[in-house]
Amino acid sequence: MQRRSFIKYASLAAAGSALTFPLFGRSVAPGEKVVVAVMGTNGRGLEHIRALTKIANLEIAYICDVEDNALAKGVDLVTKLTGKKPAAVKDFRKILDNKDIDAITIATPDHWHTPAAIMACAAGKHVYVEKPCGHNPGEGEMLIRAARKYNRHVQMGNQRRSMPNLMGIMKEVHDGLIGNAYFARGWYANNRKPIGTGKVIPVPANLDWDLWQGPAPRENYRDNLVHYNWHWFWNWGTGEACNNGTHEIDCMRWALGVDFASKVASGGGRFTAHDDWQTPDTQVVTYEFDGNKSISWEGRSCNNYPGEGSGRGFIIYGDKGTFVNNGGDDFKIFDLGNKLIKESPKGEQANTINPLGPGETLDSYHFHNFVDAVRNNTPLNSEIAEGHKSVLLCHLGNISQRVGRTIYCDSKNGGKIMHDKDAEKLWEREYEKGWEPKV
Ligand SMILES: NC(=O)c1ccc[n+]([C@@H]2O[C@H](COP(=O)([O-])OP(=O)(O)OC[C@H]3O[C@@H](n4cnc5c(N)ncnc54)[C@H](O)[C@@H]3O)[C@@H](O)[C@H]2O)c1
């Protein structure tokens, strides 16, 4: 066996076809080249490429997308940034059989995240999967099991976990900078336009609609879904709470040091237009945790009037002071008299412990951390078990919204929903037959 040696092979009947996957991937030795494939390159996947190409001794060997224009965009960007053209594939299962690939980054629609990540783990690949790490709570749990079973590094794309100023200030908050941090309030605001009423039309020739839907139960192709608008349909998306709420809810959970909620209540709806959009465009979710701590998150998809001067951010309230974040790698700390006592450095110099050199985007830190783990087996900043806890809160907000009442959860048992059959049903989803993810 060459340097990329595998332990053993297993046949998996997964995702519509029986493919033979290696059970465990090779370990990349320190200093060795890390070889990566990027899946889904219309929007976010292009940022994956930009971040990954900043990392030394790394090759993006494959770009994968089921839509021709997005595929071409990904291939062109890698070629432009590295001078080397990656292979282009539509069906990511073809990548899984390639033993030279160490890791896959996933920036597809949400319904593909967990199924693709599980298959990648089973094929011996490490995984960087965008938030939300699952389309529903059960998928996050499945992905954790897959990461453990196949012994793979799985990092979720909640990149604030790797931002230097936030990492530093969170440590100080945990060490008592604002006393007991007991309440957090976060928000996200945008000016999204209505999406209209979709017409069923023939699937465009440049799109593999069957593979785009993959694990999701089949629906007709309509002219207002691809790209991006799928976010607002429950069959594929998870709404603004999981789309953008994940970032601030994750930071608030991080600051408060809480894991699973005991009580979740959501109010809101699709208030600003009459169209196909199913998820709320206006939503306020409150979470209660053991130990007298709580979080509140407000999403306004269609009115971007800023909170605290910023379209997104969070505030952490403590019994000795307050921590204000304006959406990026920034902080302001106030004492109880509201006097500013500490502030993050401004602008690019904000990257105080920059491992990548000045000028890199803040995203890159998280990818750097992931590739370090793949190469050197160092700890992930957002290991999937932690990513899942934050995404679970977003899902629970949506579940409370969908059943129209407060839900109660077992904070000592993975945040499982209690005494509510309708809500419990939304812990998992139905799959298209033959595409059920299995660990
Ligand atoms: N971490 C962040 O800050 C951040 C920012 C933006 C988006 N995201 C996440 O990234 C994901 C993608 O978002 P987007 O805005 O780029 O969506 P998008 O709709 O613009 O792009 C998704 C791409 O995935 C492709 N795709 C669908 N099924 C596929 C499959 N089976 N194989 C390969 N490609 C497939 C689509 O053709 C499309 O090109 C979402 O889950 C979103 O929440 C994260």
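Values below: every heavy atom of this structure, side chains too, minus hydrogens, waters and symmetry copies. Just so you know, ligand 1 is whichever comes first in the structure, and atom 1 is the first atom listed for that ligand.
Defined by atom type and a distance below 3.5 Å, a donor-acceptor pair is present between the side-chain atoms of Thr238 and Asp110.
Judged as a ring pair (Phe, Tyr, Trp, His ring centres under 6.0 Å), and not counting sequence neighbours, Tyr287 has no contacts. Legend: residues meeting side-chain contact (heavy atoms from CB on, under 4.5 Å) with Asp65, ordered by chain and number and at least two apart, are Thr41, Glu67, Ala70, Leu71. Listed by chain and number, the residues in a side-chain contact (heavy atoms from CB on, under 4.5 Å) with Thr197 are Asp276 (sequence neighbours excluded).
Between Glu172 and Lys342, at least one side-chain N (NZ, or NE/NH1/NH2) sits under 4.0 Å from a carboxylate O, which counts as a salt bridge.
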Show me a pair-per-line table, with atom names and distances to 0.1 Å, of protein N or O atoms that are under 3.5 Å from an N or O of ligand 1.
residue: ligand 1; atom: 1 (N); partner: Glu130; partner atom: OE1; Å: 2.8
residue: ligand 1; atom: 1 (N); partner: Gly157; partner atom: O; Å: 3.0
residue: ligand 1; atom: 1 (N); partner: Gln159; partner atom: OE1; Å: 3.0
residue: ligand 1; atom: 3 (O); partner: Gln159; partner atom: NE2; Å: 2.8
residue: ligand 1; atom: 3 (O); partner: His247; partner atom: NE2; Å: 3.2
residue: ligand 1; atom: 16 (O); partner: Gly43; partner atom: N; Å: 3.4
residue: ligand 1; atom: 16 (O); partner: Arg44; partner atom: N; Å: 2.8
residue: ligand 1; atom: 19 (O); partner: Tyr228; partner atom: N; Å: 3.1
residue: ligand 1; atom: 19 (O); partner: Trp230; partner atom: NE1; Å: 2.7
residue: ligand 1; atom: 20 (O); partner: Asn42; partner atom: ND2; Å: 2.7
residue: ligand 1; atom: 31 (N); partner: Trp112; partner atom: NE1; Å: 3.1
residue: ligand 1; atom: 31 (N); partner: Leu211; partner atom: O; Å: 3.4
residue: ligand 1; atom: 37 (O); partner: Asp65; partner atom: OD1; Å: 2.6
residue: ligand 1; atom: 39 (O); partner: Asp65; partner atom: OD1; Å: 3.2
residue: ligand 1; atom: 39 (O); partner: Asp65; partner atom: OD2; Å: 2.7
residue: ligand 1; atom: 41 (O); partner: Thr108; partner atom: O; Å: 3.3
residue: ligand 1; atom: 41 (O); partner: Asp110; partner atom: OD1; Å: 2.7
residue: ligand 1; atom: 41 (O); partner: His113; partner atom: NE2; Å: 2.9
residue: ligand 1; atom: 43 (O); partner: Lys131; partner atom: O; Å: 3.1
residue: ligand 1; atom: 43 (O); partner: Lys131; partner atom: NZ; Å: 2.9

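For an aromatic pair to be called close, the ring centres must be under 6.0 Å apart, and Trp277 with Trp232 satisfies this.
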